[in-house]
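Read through the structure below, which is laid out as structure tokens, and then see the notes.
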Amino acid sequence: MSNIRVRYPPSPTGEPHLGNIRTALFNWLFARNNKGKFILRVEDTDRNRLVQGAMESQLEALKWLGIEWDEGPDIGGMYNPYTQSERLGIYKEISDTLIKEGYAYKCYCSQERLSEMRKEYSKTQSVVGYDRKCRDIDLSKLNKADENSLHVVRFKTPLEGKIIFDDLIRGEVTFENILLDDFVILKSDGFPTYHLANVVDDYYMKITHVMRAEEWLSSTPKHIHIYNSLNWKMPKFAHLPIILAPDKSKLSKRHGATSILEYRKLGYLPEAMVNFLAKLGWSLDAQTEKIDISKLINSFSLKKVSKSGAIFNIDKLNWLNGVYIRELSTDQLAYRLLAYWKLFPPFQLPLNIDSELLKRIVPLISSRIKTLNDAAPLISYFFTNKVKYEKEQILQKGLTFYDVRDILEKLYSKIISIDNFKSDIIETDLRNYVAESNYKTGQVLGILRVIFTGLDVAPPLFESMEILGKNHCVSVISSTISDLKAN
RNA sequence: GGCGCGUUCGUCUAGUGGCCUAGGACACCGCUCUCUCAAGGCGGAGAUCACGGGUUCGAAUCCCGUACGCGCUACCA
């Protein structure tokens, strides 16, 4: 057991975004690879954006993927509590210390003044930060009431010098202090901002590596200033590349599904999802595409994380998911489908599917589906007595309705005489018929495909017939003949 | 606008000075298999390594500049 400790701090402000979950995955893989700890922390300091049930979704997403945490809000740990809104006292205390030591100050400027100031600045200046009006207020000249009137606490950023730090992925990064704002660390409602809270918690929770999305790179010097002013040892930083939409902008709702839970609903396998996400911004070597979780854990390394953003390629996900589906055994796939349908019942199928019947069907579709969601429309014909299709669908190329009737009538007696209704026997008999007739294989089998399945593109015919059973096949043929006669 | 980060086939990537006339995968195209569709097998097309300068006997790989993209610039995270 090493003392490496990393964390994933979701905000309960919405659905678990693909990018965030990828960050969680990398942290988790890093922890497991190093025999360290993976900590879950709730960053609920923005009271305006809280969403009911959001945290449950976040936890569910991690559980679905098999990313389990060692310490967290629900299971506790050595550094309780793991929810920031329950740690307000700690932030207040640190904030007070910072003020007392001269590293921070109370700011009484109104929101209105701030936005007015920004508007003016943006016209004339390149730096659009706070103008530091309250930075040098002499608190001893204020009476107690005035001192405690509505205010925020701002960090007193040094006016000169620079911050240089070593990012584990990007190398040395430099920021000039003068370009940094006197940022807010404690809001007027008493809640900390991310900048304060994440530093304080990471310190107290003994986090050794902060791995987060690239968008945090620019605020890292702020965090470093807080560490320095408190004389705290800093964690190491690693800023991960961002997941992009096909148009290279940040992946958002208008590009389709962004919540990982939507992908569960779309029928993706968790292990395929993990594999895919891991390969988005990280690679093992020149040729490995499919990597299972244990291999992922054993081989994960920050050195192999790429620097540039990666576009989310749904085609590749579909392919990978297909690979994982094909590698499942019949029993496993049947079980997965049943579990999936229980969660998201498909309209094409009855509520209670017989698992033994399903196990006979699964081999016919496993190589034909990319997602679990693809299965239902492909096999609904096994669960209905009368299949629906357009009359023209049975008209195979080069045939008239008269031909179709002729074929079906001959097939009727052929099929009714098959005693052992097994696919290979059915196949032999039907092929014999085709060979004796003037029709083509595709024409004859095409007709049967449509009347049995209602589909132009369907699972294999002979195997389907065997499962449907002789009685069913015979009755469908005879009723089709009647229909043809009636018209 | 300022600051920061990035830039290898359409996409994900391999690549850390000579093995690169740049490898793999998805997607695409062709052939094969074949009862449809997949899956599988075989093959193809596709990147002058963003651009321009250096350094070097030699650069996708090192340095500088430019362009473009993205991020940050909130009492959001």
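Ion pairing between D429(A) and K414(A) fails under the 4.0 Å rule for side-chain N and carboxylate O. Of the charged side-chain nitrogens involved, none lies within less than 4.0 Å of a carboxylate oxygen, so that D456(A) and R449(A) do not count as a salt-bridged pair. Under the 4.0 Å criterion applied to side-chain N and carboxylate O atoms, R118(A) and E120(A) are not assigned as salt-bridge partners. A salt bridge does not link E463(A) to R360(A): none of the charged nitrogens lies less than 4.0 Å from a carboxylate oxygen.
A heavy atom lying under 4.0 Å from RNA chain B marks the following residues of residues 450-458 of chain A, by number: D456(A), V457(A), A458(A).
R170(A) comes within 4.0 angstrom of the backbone, heavy atoms only, and of no base. T174(A) comes within 4.0 angstrom of the backbone, heavy atoms only, and of no base. Note on V173(A): only backbone sugar-phosphate atoms sit closer than 4.0 angstrom, heavy atoms only; bases stay farther off. Looking at heavy-atom distances under 4.0 Å, E43(A) makes contact with sugar-phosphate atoms alone, never a base. Within 4.0 Å of F312(A), counting heavy atoms only, lies no atom of the nucleic acid at all. Within 4.0 Å of L217(A), counting heavy atoms only, lie sugar-phosphate atoms of the nucleic acid but no base atom. Among the protein residues, K303(A) comes within range of no part of the nucleic acid, since none of its heavy atoms lies under 4.0 Å from any strand. Within the nucleic acid shown, P460(A) comes within 4.0 Å of at least one base atom, counting heavy atoms only. Within 4.0 Å of E176(A), counting heavy atoms only, lies no atom of the nucleic acid at all. Here S306(A) lies in heavy-atom contact (under 4.0 Å) with sugar-phosphate atoms only. Counting any heavy atom pair closer than 4.0 Å across all strands shown, G322(A) reaches no nucleic acid atom. Residue-level contact check: S188(A) touches the bases, meaning some heavy atom is under 4.0 Å from a base atom. As judged by a 4.0 angstrom heavy-atom cut-off over every strand, T45(A) is placed among residues touching the sugar-phosphate backbone only.
Taking atom P in both A39(B) and U48(B), one finds a spacing of 30 Å when rounded to whole Å. On the P atoms, U61(B) is 14 Å away from U21(B), given to the nearest whole Å. G46(B) and G23(B) are spaced 14 Å apart, taking the C1' atom of each and rounding to whole Å. One P atom belongs to A22(B), the other to C51(B), and the distance between them is 16 Å to the nearest Å. Annotation: A77(B) and G71(B) have their C1' atoms spaced 14 Å apart (nearest Å). Going from the C1' atom of C31(B) to that of G18(B) covers 39 Å, rounded to whole Å. Comparing the same atom, P, in A27(B) and in C64(B) gives a spacing of 41 Å after rounding to whole Å.
In this entry the distance linking NZ of K307(A) with P of C5(B) reads 12 Å, nearest Å. The distance between atom CD1 of I243(A) and atom C1' of G71(B), rounded to the nearest whole Å, is 15 Å. In this structure, L277(A) atom CG and U13(B) atom P are separated by 12 Å, rounded to whole Å.
Using a 4.0 Å cut-off, no side-chain N or O of T193(A) falls inside it from OP1 or OP2 of C75(B). For the OP1/OP2 pair of U7(B) and a distance below 4.0 Å, the side-chain nitrogens and oxygens of K248(A) include no atom meeting the criterion. Distances shown here put every side-chain N or O of K222(A) at or beyond 4.0 Å from the OP1 or OP2 atom of U73(B). When the side-chain nitrogen and oxygen atoms of R154(A) are compared with OP1 and OP2 of C75(B), one or more of them lie within a distance under 4.0 Å. Side-chain N/O atoms of R326(A) include none lying less than 4.0 angstrom from OP1 or OP2 on A38(B).
Comparing atom distances between the R431(A) side chain and each of U34(B), G24(B), A77(B) picks out U34(B) as nearest. When distances are taken from the side chain of T441(A) to each of C3(B), C35(B), C12(B), the shortest belongs to C35(B). The side chain of K370(A) lies closest to A39(B) when the candidates are C35(B), G6(B), A39(B). Relative to the side chain of S367(A), the nucleotides A39(B), G71(B), G24(B) differ in distance, and A39(B) lies closest. Among U13(B), G40(B), A27(B), the nucleotide with an atom closest to any side-chain atom of D315(A) is A27(B). Taking every side-chain heavy atom of E289(A) into account, A25(B) is the closest of C12(B), C35(B), A25(B). The nucleotide whose nearest atom lies closest to any side-chain atom of A286(A) is, among C3(B), A27(B), G23(B), G23(B). When the nucleotides C12(B), C75(B), G24(B) are ranked by their closest atom to the side chain of R118(A), C75(B) comes out on top.
Between the side chains of Q348(A) and S380(A), no donor-acceptor pair of N or O atoms lies under 3.5 Å.
Shown here, U48(B) forms no base pair; nothing in the strands shown gives a Watson-Crick or G-U wobble contact with both key distances under 3.5 Å. Base pairing of C57(B) is made with G18(B), judged by Watson-Crick or G-U wobble geometry with both donor-acceptor distances under 3.5 Å.
Closest-nucleotide positions on RNA chain B for I311(A) and I242(A) were compared, and the one nearer the 5' end corresponds to I311(A). Each of S218(A) and Q84(A) was matched to the nucleotide of RNA chain B holding its nearest heavy atom; the match closer to the 5' end belongs to S218(A).
Between F155(A) and H225(A), the two ring planes are tilted [angle within 30° to 60°].
The aromatic ring centroids of F300(A) and F26(A) lie less than 6.0 Å from each other.
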